[in-house]
2 protein chains.
Amino acid sequence: MALEHAILVSLAEQAATGYDLARRFDASIGYFWRASHQQIYKTLARMEADGWVSATIEPREGTADKKTYAITDAGREELTRFSAEPSPREALRSDFAVKLRGLADVAAIVEDTRRRRADHVERLDRYEASAKRHYPDPAAIEEHERGAYLALRGGILSERTGIAWCDEILGQLETRSER
Amino acid sequence: MALEHAILVSLAEQAATGYDLARRFDASIGYFWRASHQQIYKTLARMEADGWVSATIEPREGTADKKTYAITDAGREELTRFSAEPSPREALRSDFAVKLRGLADVAAIVEDTRRRRADHVERLDRYEASAKRHYPDPAAIEEHERGAYLALRGGILSERTGIAWCDEILGQLETRSER
DNA sequence: CCTTGCCATGCAACTCGTTGCATAGGTACG
DNA sequence: CGTACCTATGCAACGAGTTGCATGGCAAGG
């Protein structure tokens with residue numbers, strides 16, 4: 001499971017509450033790993049039990065205590081261990097590809113492909129804006145941020161490819177469906 | 001859930017046993033959706049209960065009956081319904097990107113990236129061989145096979161991008177880790 | 001004052017998928 | 001005759017993730 005590790009990476013950069021993490025998983029880290037707040041809280045509890053993170057509790061009246069989590073030495077060790085193990089190839093599972101392969105309803109696929117294309121464009125814009133803001137000069141990237149930069153580059157390349165694929169699909173299907 | 005739909009697509013092309021499907025999910029359809037035989041049997045049972053597929057039973061002595069599944073009208077209807085609904089954007093979850101982002105151990109990442117690159121190359125070869133064999137002349141593709149062709153194109157584009165990304169990573173990290 | 005939205009935490013039920021295990025006939029090779 | 005591999009089906013336990021629900025403080029604006 002990598003949610004734990006994504007959390008460790010995030011906490012290694014900066015301590016945070018579950019809520020903070022949920023927001024990070026909605027942006028930056030979230031580009032590569034999605035997680036709901038429920039799942040984050042559950043996972044943090046387990047990680048604390050495992051000693052990978054420690055919580056600083058700020059008691060609050062009338063509602064649940066606020067807990068700020070920080071990575072521990074054991075957590076850092078686990079992160080190193082995780083880093084060294086080969087990553088499994090991510091299981092490719094695409095509803096869209098299955099649907100395309102079936103090709104039951106051309107007009108619906110075309111519509112779906114347009115939606116998909118728009119989504120790719122939106123993400124690409126987000127990634128590129130992020131790249132421009134954080135790494136305006138790729139030649140001047142510092143070592144500690146190189147990983148994040150390369151991860152972002154992966155996102156950019158993959159969104160561009162997604163757009164190209166959509167265009168290819170639309171090029172071959174559009175004329176056929178329109179009339 | 002799309003496993004059901006992937007199975008429907010596959011059975012629409014040709015009736016099959018659970019075992020046959022498991023093998024298909026290890027090739028062709030399996031390029032876009034992975035599934036173990038256990039899961040396929042479980043899902044087929046549910047799909048039969050739902051009336052999407054029907055089984056022709058061939059009794060066998062001393063061991064479990066052989067069941068050949070075929071898609072039903074209800075199954076075809078479900079496939080049409082599924083085709084028309086917008087596909088959710090697949091959740092991107094990448095252990096590798098998380099690891100890269102953390103960048104705890106450069107040498108390990110480099111090794112991992114090389115492994116990953118080799119995997120992409122292997123898949124690309126497989127996809128391209130498949131494309132060459134089934135669709136030697138892209139201009140002459142028949143309508144009924146266009147979906148499968150476009151799905152395969154997606155695989156090819158995505159593997160190429162994966163390779164390019166690995167090369168970019170290696171270009172930036174290799175010299176640093178080697179010496 | 002009331003509503004809206006953000007900060008903040010969490011439980012419970014459920015679905016989907018993985019892993020390990022079990023069974024058993026048929027066929028080909030040495 | 002044994003062994004290995006392919007055909008063929010399935011259960012059980014577990015892990016990971018989703019969806020729905022619940023609680024409650026605090027601040028800003030109308």
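Sequence lines set the chain letters: A, B, ... in the order given, protein chains first and strands last, and positions in each chain run from 1.
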TODO: Answer with base, sugar-phosphate or nothing: what part of the nucleic acid does A:Lys67 contact at a heavy-atom distance below 4.0 Å?
DONE: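 Touches sugar-phosphate only.
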
Open item on the list: Counting the atoms with a prime plus P, OP1 and OP2 as sugar-phosphate, which does A:Arg34 contact under 4.0 Å by heavy atoms, base, sugar-phosphate, or nothing?
Closed with: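 No contact at all - A:Arg34 keeps every heavy atom at 4.0 Å or more from the nucleic acid.
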
TODO: Name the residue closer to the 5' end of DNA chain D, choosing between A:Arg46 and A:Arg60 according to the nucleotide with the nearest heavy atom.
DONE: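 Whichever sits nearer the 5' end wins; that is A:Arg46.
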
Task: Comparing A:His37 and B:Thr63 on DNA chain D - which has the more 5′ nearest nucleotide - done: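 Checking each residue's closest nucleotide, the 5'-ward one belongs to B:Thr63.
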
Is any side-chain N or O of [X] closer than 4.0 Å to OP1 or OP2 of [N]?
{"X": "A:Gln39", "N": "D:dT18", "result": "yes"}
{"X": "B:Arg23", "N": "D:dT7", "result": "yes"}
{"X": "A:Tyr19", "N": "C:dC7", "result": "yes"}
{"X": "B:Tyr41", "N": "D:dG10", "result": "no"}
{"X": "A:Thr17", "N": "C:dC7", "result": "no"}

For the pair [X] and [Y], find out whether any cationic side-chain nitrogen is under 4.0 Å from an anionic carboxylate oxygen.
{"X": "A:Asp65", "Y": "A:Arg60", "result": "no"}
{"X": "B:Asp105", "Y": "B:Lys99", "result": "no"}
{"X": "A:Glu90", "Y": "B:Arg34", "result": "no"}

Open item on the list: Tell me whether the rings of A:Tyr135 and A:Tyr149 are parallel (<30°), tilted (30 to 60°) or perpendicular (>60°).
Closed with: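 Rings of A:Tyr135 and A:Tyr149: perpendicular, over 60°.
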
TODO: Please evaluate the base of C:dG20 for a donor-acceptor partner in the side chain of B:Gln38 within a cut-off of under 3.5 Å?
DONE: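 Looking at the base of C:dG20, it does pair with a donor or acceptor on the side chain of B:Gln38 (distance under 3.5 Å).
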
Task: Whichever of A:Tyr69 and A:Lys42 has its nearest DNA chain C nucleotide further upstream toward 5' - done: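 The residue closer to the strand's 5' end, by nearest nucleotide, is A:Tyr69.
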
Open item on the list: Quick check on DNA chain C: between B:Thr43 and A:Lys66, whose nearest nucleotide comes earlier from the 5' end?
Closed with: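 Its nucleotide being nearer the 5' end, the pick is A:Lys66.
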
TODO: Output the single nucleotide from C:dT18, D:dT19, C:dA8 whose closest atom is nearest the side chain of B:Ser36.
DONE: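 Nearest to the side chain of B:Ser36 among the choices is C:dT18.
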
Open item on the list: Using whole Å, what does the distance between atom P of nucleotide D:dG15 and atom CG of A:Asp50 come to?
Closed with: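 Distance check: A:Asp50 CG to D:dG15 P gives 12 Å.
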
